[in-house]
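What follows is a set of notes on a single structure, which appears directly below.
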Amino acid sequence: MNLFRLLQARASAGKPVRVALIGAGKFGSMFLAQVPHTPGLEVPIIVDIDRDRAREACRTVGWDAARIAATTFTDDGARTIAGGAMDVVVEATGNPAVGIRHARAAIAAGKHIVMVNVEADVLAGPLLAEEARRAGVVYSLAYGDQPALTAEMVDWARATGFHVVAAGKGTKYLPAYHDVTPDGVWQHYGLTAGEAQSAGMNPQMFNSFLDGTKSAIEMAAIANACSLDVPADGLLFPPCGVDDLPHIMRPRSRGGVLERSGVVEVVSSLERDGRPVFRDLRWGVYVVLEAPNDYVADCFRQYGLKTDASGRFAAMYKPYHLIGLELNISVLSAALRGEPTGQPYGFRGDVAAVAKRNLRAGEMLDGEGGCTVWGKLLPAAASLKAGALPIGLAHRVKLKHDVAHGAVVRWSDVEFDAGNETVKTRKAMEAAFAAQH
């Protein structure tokens, strides 16, 4: 509740919070749109592989010519991090390998890192966060994205004395979506391929949201940040509207769908027959609480909370998330308070690559949202025991063995370079956190 006051003090002292943005895509552009309207916050450096595109993004979001002229546009993230006089680095590339590299560079340079790149966070975030804590800098999930917003709600619930039964988000889901490829994605969004192309929409990226991969990644991030469990055999995606959260999102032993209390889960905005769910949570996040005693349950009723029939389970939710428009909260929290808006403290959830069809030896995997694999959320212990290949490393690797439709792809099924820095980082994280399991 004090970020704006703290920022005003920095602005009055002539010491603005300075940010280097890496990646001027949609998320980055939404963040940039707010910068001119936030006195005391500056983005003097923008890093993007296409500098002209980054300049155009600034024009599109309303930056004037003077602000653009005063900004350095570069494609060299490593040099920017090492030499720039900035407080915070925002990593918004979406590339796991690049994200890990930039995060480590920021930590080495003593700069806070806000990891919009949730793909990198799930691949190696627990290790990166530990490295940041040792270095005395902040490693943070990105506010505006659903993992950080959910982590905030979980923290609120626990700080007020509630037990968290379930936490997560909503999405559009049907079981058949797991096998959808980029070639067929647009029909599920009500668009033609031409309409999507003219809008600059990336079919593989949008497919990662549809086929369940992005949901798995985001729930793994929440589990690792909030010390919550993940379902034993992947997300259930139960159809559920906001009024039914306390009824459906409770343990099976109490009449719900969850295998236990204290888990992450995603609710679908579609019934299994394709009908829309009443008062769905497609764009939002939620937390389900359990009253510790009858007095608190009575308070739930007295103050109008939706509960299950017992009155002991209730839910709080946020119906929307504004993505990059809200990122200032993470940036300012790191720079002014030295606190993350969520960060991993353990390795509880992992995302394994699963075959979308029968795959043959010699085929090349094409990663998140592609034609060959989708990402399934698994308990980290189960993923490590199975030797599962993380979805973040299932890109441009060749299969050595056939993999059946629906089966988990394993490290032993693919050719990989053990000397690759991203692979080494992932293996180091697995070794560092194996003792937890």
Side-chain angles (χ1 to χ4, degrees), residues 143-157 160 162-178 187-191 206 209-212 214-216 218-219 221-222 226 228 231 234-252 254-259 261-291 296-323 325-326 377:
Y143 200 90
D145 242 354
Q146 287 159 313
L149 296 179
T150 306
E152 179 185 49
M153 297 190 77
V154 169
D155 188 61
W156 165 83
T160 49
F162 291 113
H163 171 68
V164 173
V165 176
K169 69 164 196 171
T171 196
K172 180 181 178 180
Y173 170 85
L174 290 173
Y177 290 169
H178 290 311
Q187 63 179 305
H188 300 290
Y189 285 98
L191 297 169
F206 275 81
F209 286 93
L210 189 76
D211 71 8
K214 189 69 75 174
S215 290
E218 291 180 337
M219 292 305 103
I222 294 167
C226 298
L228 291 167
L235 294 167
L236 300 174
F237 296 98
C240 183
V242 295
D243 298 329
D244 292 327
L245 284 168
H247 176 73
I248 294 174
M249 306 306 293
R250 56 183 177 164
R252 291 172 193 155
R254 303 293 294 274
V257 302
L258 307 177
E259 61 192 47
S261 186
V263 299
V264 294
E265 187 56 80
V266 176
V267 296
S268 176
S269 63
L270 296 177
E271 301 287 356
R272 288 297 190 258
D273 61 6
R275 290 178 297 115
V277 164
F278 178 66
R279 283 177 38 85
D280 69 79
L281 193 66
R282 180 178 177 185
W283 307 107
V285 298
Y286 76 91
V287 60
V288 173
L289 325 164
E290 183 177 6
V296 174
D298 286 342
C299 292
F300 285 171
R301 176 179 54 79
Q302 291 159 5
Y303 287 89
L305 271 72
K306 295 286 188 180
T307 68
D308 72 327
S310 75
R312 298 299 289 264
F313 294 90
M316 295 291 280
Y317 62 91
K318 192 171 186 176
Y320 304 106
H321 66 298
L322 297 180
I323 321 184
L325 299 180
E326 298 182 83
L377 179 66

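Residue indices begin at 1 and follow the sequence shown.
- Distance check: Asp155 CG to Thr150 OG1 gives 12.5 Å after rounding to the nearest 0.5 Å.
- In this view, Glu265 satisfies the salt bridge (charged side-chain N to carboxylate O under 4.0 Å, His left out) rule with no residue, not counting sequence neighbours.
- The shortest heavy-atom contact between Pro231 and Gly234 is CB-O, 3.1 Å.
- Closest approach of Leu258 and Ala166 over heavy atoms only: CD1-CB, 3.6 Å.
- The nearest pair of heavy atoms linking Arg254 to Ser310 is NH2-OG, 4.5 Å.
- Applying the side-chain hydrogen bond (donor to acceptor under 3.5 Å, both in side chains) definition to pairs two or more places apart or across chains, none involves residues 280-289.
- Scored by the salt bridge (charged side-chain N to carboxylate O under 4.0 Å, His left out) test, Lys214 finds Glu119, Glu368 as partners (sequence neighbours excluded).
- Pairs engaging residues 309-319 under the salt bridge (charged side-chain N to carboxylate O under 4.0 Å, His left out) rule: Asp294-Arg312, Lys318-Glu326 [sequence neighbours left out].
- Counting all heavy atoms, side chain and backbone alike, Met219 lies closest to Ala167 at SD-O, 4.4 Å.
- Among residues two or more places apart in sequence or in another chain, the salt bridge (charged side-chain N to carboxylate O under 4.0 Å, His left out) test is passed with Asp211 by Lys356.
- With sequence neighbours left out, the side-chain hydrogen bond (donor to acceptor under 3.5 Å, both in side chains) criterion links Arg301 to no other residue.
- Residues passing the side-chain hydrogen bond (donor to acceptor under 3.5 Å, both in side chains) test with Ser261 are His163, sequence neighbours excluded.
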Just do the side-chain contact (heavy atoms from CB on, under 4.5 Å) check on Phe206 and Leu191 with the steps written out, would you?
-> CA-CA 12 Å; Phe206 275 81; Leu191 297 169; over 6 Å; no

Assess whether side-chain contact (heavy atoms from CB on, under 4.5 Å) is satisfied between Val263 and Leu228, documenting all intermediate values.
-> CA-CA 5 Å; Val263 299; Leu228 291 167; 6.0 Å; no

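- Residue pairs meeting the salt bridge (charged side-chain N to carboxylate O under 4.0 Å, His left out) criterion with at least one partner in residues 237-250, sequence neighbours excluded, are Asp243-Arg279, Arg250-Asp308.
- The two atoms that bring Pro147 and Ala221 nearest to each other are CB-CB, 4.2 Å, heavy atoms only.
- Under the side chain to side chain contact (heavy atoms under 4.5 Å, CB included) criterion, Gln302 pairs with Asp298, Cys299, sequence neighbours left out.
- Residues satisfying the side chain to side chain contact (heavy atoms under 4.5 Å, CB included) criterion with Thr171, sequence neighbours excluded, are Lys169, Tyr173, Ser215, Phe237, Val266.
- Looking at Leu377 and Val264, their side chains come closer than 4.5 Å, going by heavy atoms from C-beta outward.
- Proximity of Thr307 to Phe313: side-chain heavy atoms (C-beta onward) are nowhere separated by under 4.5 Å.
- The shortest side-chain heavy-atom distance between Cys240 and Leu245 falls under the 4.5 Å cut-off.
- A heavy-atom distance below 4.5 Å is not found between the side chains of Lys172 and Tyr189.
- Every residue was checked against the side-chain hydrogen bond (donor to acceptor under 3.5 Å, both in side chains) condition with His188, not counting sequence neighbours, and none meets it.
- Two residues are said to be in side-chain contact when any heavy atoms from C-beta on lie closer than 4.5 Å; Val154 and Phe162 fail this criterion.
- By the 4.5 Å heavy-atom criterion applied to side chains, Tyr143 and Glu152 are counted as neighbours.
- Here the side chains of Val242 and Phe278 are not in contact, with every heavy-atom distance at 4.5 Å or above.
- Residues passing the side-chain hydrogen bond (donor to acceptor under 3.5 Å, both in side chains) test with Arg275, sequence neighbours excluded: Asp273.
- Between Met249 and Val165, the closest side-chain pair of non-hydrogen atoms is not below 4.5 Å.
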Working for side-chain contact (heavy atoms from CB on, under 4.5 Å), residues Phe300 and Lys306 = CA-CA 8 Å; Phe300 285 171; Lys306 295 286 188 180; over 6 Å; no

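- Here the closest heavy-atom approach between residue Ala291 and residue Ala297 is recorded as CB-N, 3.7 Å.
- Atoms CD1 and CE, from Ile222 and Met153 in turn, are 11.0 Å apart once rounded to the nearest 0.5 Å.
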